[in-house]
Amino acid sequence: MKYNFSQIEEKQQKLWEEKGIFRLDDRNAKHPYYCLEMFPYPSGRIHMGHVRNYSIGDVIARYKKMQGFDVLHPMGWDAFGLPAENAAIKHGIHPAKWTYENIDYMRTQLKRMGLSYDWSREIATCDPKYYKWEQLFFIEMLERGLVYMKKAKVNWCESCQTVLANEQVEDGLCWRCDSEVVERELDSWFFKITEYAEELLSGCDKLKGWPEKVLTMQRNWIGKSVGAEIDFPVKDRQEVIKVFTTRPDTLFGVTFMSISPEHPLALELAKGTGHEEEVKKFVERWKAALKSERYGQTEKEGVFTGSYAVHPVTGEDIPIYVANFVLMEYGTGAVMAVPAHDQRDFEFAKKYGLPIKVVIMPKDKTISPEDMEEAWEGPGILVNSGRFDGLDNQEAKKKIVEFLEKEGKGKGKVTYRLRDWGISRQRYWGAPIPIIHCEKCGAVPVKKEDLPVELPFDVEFDPSGRSPLPQIESFWKTTCPKCGGPARRETDTMDTFVESSWYFARYVCPDDDTKPLDKERVDKWLPVDQYIGGIEHAILHLLYSRFFTKVLRDLGYLSVDEPFDRLLTQGMVLKDGAKMSKSKGNVVDPNTMIERYGADTVRLFILFAAPPERDLEWSDRGVEGAHRFIQRLWRLVTENLDRLTKTDYSKEELSTLCKDNKRLKAIRQKTHQTIKKVTEDIEERYHFNTAISAVMELVNEISAALQDKKAVNTDAFWKVLKEALEASLLLLCPMIPHVTSELWQLLGHDRLIAQEPWPKHDKDAAKKDSVVIVIQIKGKVRGKIEAPAGADQEEVFDLAKHEPNVLKYIEGKEIRKVIYVQDRLLNIVV
RNA sequence: GCCGAAGUGGCGGAAUUGGUAGACGCGCUAGAUUCAGGAUCUAGUGGGGGUUAUCCCCGUGGGAGUUCGAAUCUCCCCUUCGGCACCA
């Protein structure tokens with residue numbers, strides 16, 4: 001019988017669908033388990049990254065199902081986004097048509113992989129039935145003050161013709177098209193993610209099932225700093241400049257102040273000081289510089305404004321400088337400069353000949369301004385700090401803040417690097433923001449009963465990439481929900497990351513037309529037990545989803561604090577050491593591979609070639625190896641089918657049969673050890689590569705056993721062999737579901753293998769009765785002996801003494817020490 | 001600069017708690033089968049030595065250390081990848 005994979009795979013997939021074995025009745029589920037892979041953007045066709053992502057998820061879902069869990073394993077489409085619009089401009093296809101055609105094609109591709117999805121829960125985020133609820137959330141968030149509009153300097157990408165969130169700007173370039181990001185002033189809507197900064201940060205500590213790497217990235221992104229905000233009055237003027245510092249302990253070391261070129265007072269302070277021209281030039285030069293040029297290790301530069309601030313404690317005059325390294329977006333846009341204890345201030349002071357004043361003395365050395373070559377940023381004892389002299393600097397932080405608060409000159413403050421999430425996009429293919437602008441009433445939310453605000457279908461696309469929505473009068477021309485007067489509908493759409501921030505919850509109740517989330521059902525299934533996806537979403541998607549979950553909790557839609565209990569970030573699929581990409585021409589197309597070798601082979605290769613979190617190097621040879629293994633397994637069963645189908649076995653019978661037959665016992669032992677190992681590898685570590693190699697070893701042993709023509713004649717042999725083969729099939733079922741399912745049927749089983757319970761190893765059968773013990777002399781291996789399992793030190797030592805090679809080393813020598821590790825090793829120190 | 005991860009044969013990788021380094025797979029070598037190729041099967045495969053033995057030495061990026069024993073723990077250094085990056 002030939003291994004006709006395409007026929008087998010088609011047949012099995014049809015069977016699974018007909019029997020509906022992966023459809024979940026979520027309400028009656030007793031043992032819920034939610035396994036989710038990041039849903040794809042319908043770009044056109046699936047790539048190897050998807051294949052890897054979904055293969056990993058499928059193993060987990062199928063394994064859990066066999067373990068007796070009711071597994072929620074859904075799939076859907078992150079269907080809004082720019083490529084659809086670009087296709088519309090380039091090829092004249094409507095974004096909706098383009099998107100839905102891609103979805104249809106990619107769905108058949110996924111189905112061809114034999115993934116165990118409950119397709120009845122499929123979601124496309126561009127469906128008004130989905131984004132309607134998102135618009136509802138927007139309005140409810142607005143009611144709670146979690147959404148606001150402001151004229152804001154936004155990151156604008158000229159090529160994409162839209163605004164980008166901070167998270168979407170990388171080194172001053174657009175994350176999507178790598179073109180220069182410029183600043184623009186626009187009315188924009190923001191989600192107040194900063195309101196949750198503290199909870200998002202402290203929540204990281206509770207995410208035990210997340211990779212440390214992702215948590216670190218999130219913590220850094222949130223960027224909490226504890227310090228103080230201190231008021232520095234400007235000399236002879238009304239204004240007060242607030243600075244933020246994490247080092248209030250160095251307050252007495254302030255010798256000048258630096259403010260950002262964007263600071264509202266930058267030009268003001270220079271007026272009439274004789275420095276006006278200089279400052280103006282400096283600020284203009286800075287503003288003209290591209291955002292990308294302001295990044296990196298540019299030389300620290302600045303100019304004196306001619307004005308002075310007054311030190312809040314000492315009353316000293318503090319010259320105010322405009323400096324290129326001070327960011328307006330962080331803190332207050334002004335910093336107190338302490339050159340002795342801050343490297344940047346130190347460099348700046350050296351360059352412009354400003355005084356340096358030491359106020360923190362390290363414990364093990366003395367530093368002085370004259371011979372310092374760099375700032376001392378470490379700990380120490382306060383000096384030159386008036387009444388605070390002699391305090392440890394950590395202690396001084398608290399004391400100085402307390403003092404400032406009492407004097408009304410400052411206060412303790414925490415700042416975050418995290419910015420509010422700008423969600424306005426000047427694009428067509430996204431969820432409309434449910435707002436109506438009225439001249440009289442301002443920005444008014446659409447009435448909830450009028451939702452969804454649907455995207456108009458008949459639109460013309462401008463080759464410039466500009467959104468067509470402001471051109472469509474029938475869309476924007478409306479009346480104010482409040483006063484009924486003429487009004488203009490918001491024509492911006494929401495960032496597509498909004499859709500992906502809550503889809504995992506909607507999967508639980510996609511059939512509910514009355515409300516976005518059915519709390520009872522959602523609470524039963526959330527958090528997602530296992531989430532799987534690429535590391536590239538470490539910040540954006542995963543942080544937004546965490547934020548949204550907390551918002552939905554506070555809006556009363558669900559009860560959990562965090563969306564994803566465990567997170568697995570899979571590595572990339574590489575070819576020739578580089579990420580697969582069209583430009584590099586190293587793309588391997590999943591379709592080609594599946595046609596040539598079948599889905600089982602592709603899945604097996606991907607799971608076997610590397611553990612999931614590591615990058616995976618694609619190897620055509622490796623794929624052939626995986627295919628060879630499946631063929632061997634196929635032959636092993638089909639070539640002995642007659643004998644196997646005639647054979648029956650029971651557990652009790654097997655243990656009796658094996659009692660006196662060393663050979664059979666060894667096979668059975670391997671079978672049960674393999675069950676144990678595979679279970680542990682999948683359950684505890686998701687190391688599918690070692691799980692597969694363990695089954696390969698078992699299959700190798702079965703093949704070897706079949707070489708012994710004498711043994712092949714006994715009934716006992718076939719009973720043991722059948723158990724071994726069936727265990728192999730069950731253990732491999734999550735990875736290569738089609739071929740194992742087919743073979744399972746051929747062996748005469750009525751039930752599908754995917755519905756079988758996961759095998760349990762028999763402790764007695766797995767137990768070895770003799771073990772190989774390594775004999776070391778002074779830590780070097782000098783021999784191996786076979787000893788009964790569980791033998792004590794004396795017994796093993798006795799046996800070891802009879803080994804000639806061991807004897808050679810211990811003869812005539814004094815034995816100083818003997819170390820014995822049960823069933824493993826004996827080390828004799830002479 | 002800071003943070004994180006990693007470095008093991010020709011290659012992908014294994015060694016889960018400090019206990020036989022190199023499982024499993026690829027590749028390679030030899031043999032069997034075959035007109036030939038492919039496929040399949042058998043044996044071998046870290047390096048060196050060798051009296052060919054159930055042998056010896058070296059070997060997990062480099063150097064030191066702890067230990068009876070280190071790929072694994074500690075310290076220092078090197079390299080690669082990823083993230084953040086003038087964050088006050």
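To find a chain, count down the sequence lines: A is the first, B the second, and so on, and within it residues start at 1. Computed over heavy atoms, backbone and side chain alike; hydrogens, waters and symmetry mates excluded.
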Taking 4.0 Å as the cut-off, does a side-chain nitrogen or oxygen of [X] come that near to OP1 or OP2 on [N]?
X: Arg632(A); N: rC24(B); result: no
X: Lys780(A); N: rA70(B); result: no
X: Arg344(A); N: rG1(B); result: no
X: Arg247(A); N: rC87(B); result: no
X: Arg782(A); N: rU54(B); result: no

To the nearest Å, give me how far apart [atom1] ([X]) and [atom2] ([N]) are.
X: Ile539(A); N: rA85(B); atom1: CD1; atom2: C1'; result: 12 Å
X: Trp221(A); N: rC2(B); atom1: CH2; atom2: C1'; result: 16 Å
X: Leu540(A); N: rG83(B); atom1: CG; atom2: P; result: 12 Å
X: Leu633(A); N: rG25(B); atom1: CG; atom2: P; result: 13 Å
X: Asn220(A); N: rA5(B); atom1: CG; atom2: P; result: 13 Å
X: Glu786(A); N: rU20(B); atom1: CD; atom2: P; result: 18 Å
X: Phe325(A); N: rA85(B); atom1: CZ; atom2: C1'; result: 15 Å
X: Glu617(A); N: rG7(B); atom1: CD; atom2: C1'; result: 17 Å

Neighbour count >12 (heavy atoms, 6.0 Å) for atom [atom1], [X]:
X: Lys676(A); atom1: NZ; answer: no
X: Arg824(A); atom1: CZ; answer: no
X: Glu794(A); atom1: CD; answer: no

_Base-pairing string, 5' to 3', of RNA chain B - Watson-Crick or wobble, under 3.5 Å, | interstrand_ = (((((((..(((......[....)))((((((.......))))))((((.....))))..(((((..]....))))))))))))....
Give [X] one of three labels, base, sugar-phosphate or nothing, depending on what nucleic acid heavy atoms sit under 4.0 Å from its own.
X: Ser619(A); answer: nothing
X: Arg219(A); answer: nothing
X: Arg621(A); answer: sugar-phosphate

Taking the same atom, [atom1], in [N] and in [M], what whole-Å distance lies between them?
N: rG46(B); M: rG10(B); atom1: C1'; answer: 10 Å
N: rG47(B); M: rU54(B); atom1: C1'; answer: 22 Å
N: rU8(B); M: rG13(B); atom1: C1'; answer: 9 Å
N: rG1(B); M: rU72(B); atom1: C1'; answer: 31 Å
N: rG65(B); M: rU51(B); atom1: P; answer: 35 Å
N: rU60(B); M: rU42(B); atom1: P; answer: 34 Å
N: rU17(B); M: rA71(B); atom1: C1'; answer: 15 Å
N: rU79(B); M: rG62(B); atom1: P; answer: 15 Å

Would you call the rings of [X] and [Y] parallel, tilted or perpendicular, where under 30° means parallel and over 60° means perpendicular?
X: Phe232(A); Y: His311(A); result: perpendicular
X: Tyr544(A); Y: Phe497(A); result: perpendicular
X: Phe256(A); Y: Phe348(A); result: parallel

*Contact nearer the 5' end of RNA chain B, comparing Val774(A) with Thr216(A)*: Thr216(A)
*asked:* What I'd like to find out is whether the side chain of Leu269(A) reaches to under 4.5 Å of the side chain of Tyr321(A), using heavy atoms alone.
replied: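 With C-beta onward as the side chain, the pair stays apart.
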*asked:* Is there a ring pair (Phe, Tyr, Trp, His ring centres under 6.0 Å) between Phe5(A) and His627(A)? Walk through the geometry before answering.
replied: CA-CA 10 Å; Phe5(A) 54 83; His627(A) 194 63; 5.7 Å; yes
*Do Tyr63(A) and Thr679(A) meet the criterion of a side-chain donor-acceptor pair at a distance under 3.5 Å?*
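Absent: no donor and acceptor within the cut-off.
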*Identify whether the glycosidic angle of rG9(B) places it syn (within 90° of 0) or anti.*
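Syn conformation for rG9(B).
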*What parts of residues 817-826 of chain A reach RNA chain B, counting only heavy atoms under 4.0 Å away?*
Lys817(A), Ile819(A), Val821(A), Arg824(A), Leu825(A)
*asked:* With the threshold set at under 4.0 Å for non-hydrogen atoms, list the residues of residues 677-685 of chain A touching RNA chain B in residue-number order.
replied: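 The stretch gives Lys677(A), Asp681(A), Arg685(A) as the residues lying under 4.0 Å from the strand, ordered by number.
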*Is there a side chain to side chain donor-acceptor pair (under 3.5 Å) between Tyr416(A) and Thr194(A) once you walk through the steps?*
CA-CA 8 Å; Tyr416(A) 298 90; Thr194(A) 52; over 6 Å; no
*Determine, for Glu198(A) against Lys224(A), whether the closest basic-nitrogen to carboxylate-oxygen distance falls under 4.0 angstrom.*
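Judged by the 4.0 Å cut-off on N to carboxylate O distance, Glu198(A) and Lys224(A) do form a salt bridge.
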*If you draw the axis of the six-membered ring of Trp221(A), does the NZ or CZ of Arg417(A) fall within 45° of it and under 6.0 Å from the ring centre?*
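So Arg417(A) does make the cation-pi contact.
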_Please determine whether side chain to side chain donor-acceptor pair (under 3.5 Å) holds for the pair Gln570(A) and Arg614(A), giving the CA-CA distance in whole Å, both sets of side-chain angles, and the decisive distance to 0.1 Å._
CA-CA 7 Å; Gln570(A) 107 242 6; Arg614(A) 253 206 252 186; over 6 Å; no
*asked:* For Ser260(A), run the side chain to side chain contact (heavy atoms under 4.5 Å, CB included) check against Val326(A), Leu327(A), Val335(A) and tell me which one passes.
replied: Val326(A)
*May I ask you to verify whether the side chain of Asn827(A) and the base of rC68(B) hold a donor-acceptor pair under 3.5 Å?*
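Such a pair exists between side chain and base.
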